[in-house]
Amino acid sequence: MSHSETEQDPTTPFYDHPTGGWGSIKSVARHMGMDKPAVGVLETLMKQNKPKGHMCTSCAWAKPASPHLAEFCENGAKATIWDHTRERCGPDVLSRYTATELRMWRDYDLEMLGRLTHPMRFDASTDRYVETTWDAAFQAIGAKLRTLDPKSTVFYASGRASLETSYLWALFGRLYGHNNLPDSSNMCHETTSVALKQKIGAPVGTCILDDFEHCDMILFFGQNTGSNSPRFLHPLQEARKRGCKIVTFNPIRERGLVEFANPQSPAEMLGGKTTKISDIYLQVKPGGDIAAIAGMVKHLLALDEERGEVLDRAFIAQHTHDFANFETWARNLGWDEIEHTSGLTRADLTEVAEMYARSQRVIGVYGMGLTQHVHGADSIGMLVNLLLMRGNIGRLGAGICPVRGHSNVQGQRTVGVSEKPELVPLDRLAEIFDFQPPRDTGVTTVEAAQGIIDGDIKAFLSLGGNFARAIPDQGRTDAAWAGLELNVQIATRLNRSHTLVVDGAWLLPCLVRGEEDMQASGPQAVTIEDTMSHIHGSIGRRKPASPLLLSEPAIVAGIAKATLDPNPNVRWDDWIGNYALIRDLIEETYPDQFRAFNDRMFEPGGFYRGNTARDRNWKTESGKAEFTTPVGPSSLGQVPGGDVYTLVTLRSNDQFNTTIYGYRDRLRGLDTDRMIVMMAPDEITAAGFRDGQGVTLVSAHQDGTTRRLEGLRLMAYDLPQGCVGAYYPEANVLVPLDLYDTASKTPAFKGVPVRIEAA
Ligand SMILES: Nc1nc2c(c(=O)[nH]1)N[C@H]1C(S)=C(S)[C@@H](COP(=O)(O)OP(=O)(O)OC[C@H]3O[C@@H](n4cnc5c(=O)[nH]c(N)nc54)[C@H](O)[C@@H]3O)O[C@H]1N2
Ligand SMILES: Nc1nc2c(c(=O)[nH]1)N[C@H]1C(S)=C(S)[C@@H](COP(=O)(O)OP(=O)(O)OC[C@H]3O[C@@H](n4cnc5c(=O)[nH]c(N)nc54)[C@H](O)[C@@H]3O)O[C@H]1N2
Ligand SMILES: [Mo]
């Protein structure tokens, strides 16, 4: 089950084409029929991710300086089609349904109502949204916020809003008086921000696209490229063709990492040819990555002892700290424990270690498979340890490459959307805007949810996203939502979070990135930061879905103006009239990273804001890169036993987070109602069940709370022993709110203990 010579997987009922190939284009075409795209969407797509075009609202993958003719992928196209649907969800549509009814709808059906067109107020007496005006909304929200303790309010952001909007959002929060600025990144790569900061002194990845042209090995941990960052498949395919080795660690054999057909290459498309992507594919147990890497580390130490020159001793001496402790820890580990916890064999792990020892330039890539575990920070730490052993950070063709999620999630943190005041230049803000910024730590996403449950949080303002549906312990917060005094949702389409309402809920519809944003000084551009710290300008050219829509910066400014006392240094109207002034403020706040911001924003490939770790300048406690050693009784990771399984919550190929585009998980060969539990066929039998049987998943987390998800069906699927898979967000009721990475509070969405009951 572990090695990868590719054959048709017998447990995938149908599988038409490899990712990137005709299958993708067909899927997009089918999709277009389904969601009624507005006219001209194909033209919009052809400009996507190109200078003077708009930057895709799907993933955060880098945008190359020389874009392909069509620099978009299947999922980027879906995102654009979704944004530019012909369907409208205006007051006429919303007046037909009560919130109580809408709450019962599927995520897909809510969003299928189409683009929101009017500002709406929730009227508790009729249990419906009713039309309002922008001015009424701003004044009422401002008046309410003025009566509340700022610390009892939360300003959540989902990683899509531009740098300009995000900067204003964070500034508004601080001028108002709190650092309660959690972000979707708290559920995602917060583990990265915390772990990489501690290890190498920079909270983001060190690689840029150029590195992928020079590496000779790539180690892939828990990142599903084919579905979640498909444009990454091009550099991967190129690397493979150069002879670069690729090794993947993932419990599931994800198609995009097995093989790939390039839609930009007529020869591959017409010839039905594909490139094999992974040389070795290891189906590690969920949470078994620390053990897997530890096995490789052990073998490297042995090899170095045997033949020398395997470790980069000069680099270790000059650039790292605490190697000796780490070495002792690794030497003392037993292979039995490593094999048991990782689910992989010593032979496989030593083979990968030998390959690593032969390679000169190695990149470690990772995603949610590492970050969303209770020991997520330790897993990232281990991958960095492995890279440091051979000096693979701060050198062309090598480095650590977290693949971020939302298209501007990294940028939001860069410009101040953070609950951690130590990451924000507060003194500078104090100087520029002449105020006393709050210095106390704000709430993370998990703490915000707990605050809503406990009644400590009175107001929730959401810059995009679908907080109530994306967080753990969905059910528990749903009920508590009614205790809020204010719920403000800035959004494009209706979702579950908009249906959990109280008197005092507002639904404020905004432009999407592809739409023209006209302000006093003319049409505006915005900027975003990709996963490789490059900043790109983005211009929307399409006619807005409704004349009543406002831009995100204008909505933030509208609420802020109605809330705050006047301050001569805070000029909301000027800033909204011309976003270049907001970029000037960003430059003034972060002069090293955003030098000449307005002049450079349309540089092909984006401008690089730099990364100290890439230059081997380690801004850590010791001034060096840190070797870290996992501690604690289950430092290698946990393996559930008896009747308890590790539940991994998964994205399908047909969704963007809680936005469900359709019910086909094409790359995994699944076409279902999403209410499935994937499980290894022999384990289904061993547990006394049968394929297709109706089951209920029950949380095995022992905290006295009952968590159950009924209406599921077992689905035989190629998974390691001891784990099951189910879709996010449907399975979020099973994820305990207090099950998170201890260092960063990122929920452990990939390591949820469950039991299976027959329905
Ligand atoms: N089309 C599309 N694109 C997206 C998104 C989307 O929903 N749809 N979401 C965006 C966002 S916000 C994010 S954060 C990213 C998410 O993108 P990814 O980081 O790829 O996240 P997931 O799809 O949740 O899971 C990643 C992989 O981890 C594997 N895995 C699970 N547990 C483990 C483990 O313990 N170890 C290892 N090694 N692997 C494991 C799973 O099998 C899966 O293949 O994608 C972004 N892009
Ligand atoms: N079980 C489980 N749970 C998870 C995860 C997991 O892997 N497993 N992944 C986690 C991760 S990585 C993330 S990032 C979070 C995602 O959490 P969120 O970012 O909060 O959720 P999304 O589903 O991305 O938000 C979708 C909504 O955003 C709104 N929207 C779309 N475009 C725009 C726009 O341009 N502007 C505005 N204002 N609104 C817009 C629409 O109304 C849409 O309904 O979920 C987390 N939850
Ligand atoms: Mo994410």
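Just follow the structure's listing: the first ligand is 1, and inside any ligand the first atom is 1. Every heavy atom of this structure was used, including side-chain atoms; hydrogens, water molecules and symmetry mates were not. It should be emphasised that the depicted structure is a prediction, and the values quoted were computed from it without experimental measurement.
Using modelled atom types, one side-chain atom of W481 and one backbone atom of L500 make a donor-acceptor pair closer than 3.5 Å.
By the criterion of a heavy-atom distance under 4.0 Å, neither the backbone nor the side chain of V409 is placed next to ligand 1. Heavy atoms of M368 found under 4.0 angstrom from ligand 1 belong to the backbone as well as the side chain. With a heavy-atom cut-off of 4.0 Å, H373 touches ligand 1 through its side chain alone. Residue contacts with ligand 2 for T492 involve both N, CA, C or O and side-chain atoms from C-beta outward (heavy atoms, distance under 4.0 Å). Heavy atoms of V648 found under 4.0 angstrom from ligand 1 belong exclusively to the side chain. Contact annotation: for M187 versus ligand 2, heavy atoms closer than 4.0 Å belong to both the backbone and the side chain. With a 4.0 Å cut-off on non-hydrogen atoms, T658 touches ligand 2 through its backbone as well as its side chain. With a heavy-atom cut-off of 4.0 Å, N228 touches ligand 1 through backbone and side chain alike.
With respect to R542 and E516, no salt bridge is recorded, no charged nitrogen being found less than 4.0 Å from a carboxylate O.
In this structure, the protein non-hydrogen atom closest to atom 25 (O) of ligand 2 is G465 CA, 3.2 Å. Protein heavy atom in closest approach to atom 44 (O) of ligand 1: E254 OE2, 2.6 Å. The nearest protein atom to atom 7 (O) of ligand 1, hydrogens excluded, is given as N657 N, 2.7 Å; this is a heavy-atom distance. With hydrogens left out, the protein atom closest to atom 29 (C) of ligand 1 is N250 OD1, 3.4 Å, a heavy atom. Of all protein heavy atoms, the one lying nearest to atom 39 (N) of ligand 2 is G464 CA, 3.3 Å. Nearest protein heavy-atom contact of atom 4 (C) of ligand 2 is Y728 CE1, 3.1 Å. Of all protein heavy atoms, the one closest to atom 47 (N) of ligand 2 is A470 O, 2.7 Å.
Taking a cut-off of under 4.0 Å to the non-hydrogen atoms of G367, the atoms of ligand 1 that pass are 19 (O). Near H406, with a cut-off below 4.0 Å to any heavy atom, the atoms of ligand 1 are 12 (S). Taking every heavy atom of S227 and a limit of under 4.0 angstrom, the matching atoms of ligand 1 come to 1 (N), 2 (C), 3 (N). If you number the atoms of ligand 1 from 1 as listed, the ones under 4.0 Å from a heavy atom of N75 come out as 1 (N). For ligand 1 and P286, the ligand atoms under 4.0 Å from any heavy atom of the residue are 34 (C), 35 (O). Each of the following atoms of ligand 1 lies closer than 4.0 Å to a heavy atom of C188: 14 (S).
For H189, the closest heavy-atom approach to ligand 2 does not fall below 4.0 Å. Residue contacts with ligand 2 do not include R469, since none of its heavy atoms lies under 4.0 Å from the ligand. Close to ligand 2: I490, with a non-hydrogen atom less than 4.0 angstrom away. For P729, the heavy-atom gap to ligand 2 stays at 4.0 angstrom or more.
Residues that satisfy the side chain to side chain donor-acceptor pair (under 3.5 Å) test with R106, not counting sequence neighbours, are D109, Y663.
With distances taken over non-hydrogen atoms, the option nearest atom 36 (N) of ligand 1 out of I252, D289, T248 is D289.
At least one N/O-N/O distance between F249 and ligand 1 falls below 3.5 Å. Considering backbone and side-chain atoms alike, S229 places every N or O at 3.5 Å or more from each N or O of ligand 1.
Ring-centre distance between Y129 and H498: not below the 6.0 Å cut-off.
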